Amino acid sequence: MKVTKQELKELIKTKLHRAGLQEHHADGVADVLVHADARGVHSHGAMRVEYYAERIAKGGINTNPNFQFEKTGPSTAVFDGDNGVGHVVAKEAMDEAIHMAKANGIAAVGVRRMSHSGALSYFVQQAAEQDLIGISVCQSDPMVVPFGGAEPYYGTNPIAFAVQGKNNEIITMDMATTVQAWGKILHARSKQETIPDSWAVDKEGMPTTDPFSVNALLPIAGPKGYGLMMMVDILSGILLGLPFGRNVSSMYEDLTAYRNLGQLHIVINPAFFTGLDGFKDSLTASMEDLNNITPAPGFDKVYYPGQRSAIREKNSEENGIEIVDEIYEYLVSDVVHNNAYDHKDPFAK
Ligand code: NAI
């Protein structure tokens, strides 16, 4: 069914506040989730609310965190989120990185001790909207077989990048280092759809099309994606003194425990490298070049990364956001959560 952005945001905010989040934190999370749904990234939108609500209600997210920001060098800092809700922690840490990069040309802010932060596009776009280049990577719970392995070790460890052209159009590359994010499997489950056999493997390590038979995900491009997810684990885990690899906390194992996750924001100020106007002119020229490439058979057009999501986002302003009926019914109900996620095997049916 279709809902307006405003209605969806209000419903999410109300539910998370009822679960125990402070109102302004609930508002911050709702903003990130609606951003994802509006851009068509439903895997990281409203469908996650019930999981977050259960974790908040059971104490697995600190609802009264004491954020600590420590500058560790001219361009480096550590933001300790005190296991507050990840979306708000990541957003505030990005605000600090933006501030530092404006003054110093570059900033790397390590974000320690946070919960799941959702779609990384939100945070890198914060930087892009300020004429900076935003880069962000984060850990996620182990559910991917390393290349050549038969058991999960890494998470879906996403990488995001955003930069703005001269007409405020934003390139947003934001991707899990798996063929698909785990949320896409959850989305397929919620819609009772099959998945392509290139996304995941079953208990025997064989490719599967049944989202309910998935036992581990596959990295993008074999050993290359495996290398990228390792890089993300080092930058957002080992570099920040946090658990890494198979020791990264599980999304569902114990909803009463803090997750202690890590994320790294890197912000580059183009004005410290070249003239900003020329940089933005060239970016826009590059985007136009891509859009003018002759499309291959079966394609209507070549899009730059994030362009189709930006079109969907604009469209959602006028026509609302499509969300699954059961999710809407949960959001408008009085139920905070249905005890559906705690100690759940993520791969269980
Ligand atoms: P996706 O597969 O939907 O898109 C990946 C990239 O491909 C995007 O940059 C998109 O703009 C681009 N793209 C897609 N179709 C295109 C086309 N026709 N032309 C040009 N570019 C195109 O993204 P994925 O990997 O499913 O990730 C979804 C979300 O999940 C992301 O927001 C990511 O940050 C989030 N995520 C978050 C995690 C966390 O722990 N916080 C873990 C894993 C993913």
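Every value quoted in this text rests on a predicted model; they were computed, and no experiment measured them. Atoms within each ligand, like the ligands themselves, are counted from 1 in listed order. Numbers here simply count residues along the sequence, with the first being 1.
Closer than 4.0 angstrom to ligand 1 sit non-hydrogen atoms from V41, H44, H116, G118, A119, L120, C138, Q139, S140, T156, P158, T172, M173, D174, M175, A176, Q180, A181, K184, Y303, P305, G306, R308.
Taking the six-membered ring where tryptophan is involved, the planes of Y51 and Y341 are perpendicular, since the angle between them exceeds 60° and thus also 30°.
The side chain to side chain donor-acceptor pair (under 3.5 Å) with Q263 is formed by just one residue from the set S236, S140, S136; it is S136.
Y252 and D141 are not linked by any side-chain donor-acceptor pair at a separation below 3.5 angstrom, with hydrogens and angles left out of the test. Between the side chains of S190 and E326, no donor N or O sits under 3.5 Å from an acceptor N or O.
You'll find the ring centres of Y52 and H87 inside the 6.0 Å limit.
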Worksheet item: When you look at L217 and Q180, which way does the side-chain contact (heavy atoms from CB on, under 4.5 Å) test go after all the steps?
Response: CA-CA 8 Å; L217 303 178; Q180 284 298 350; over 6 Å; no
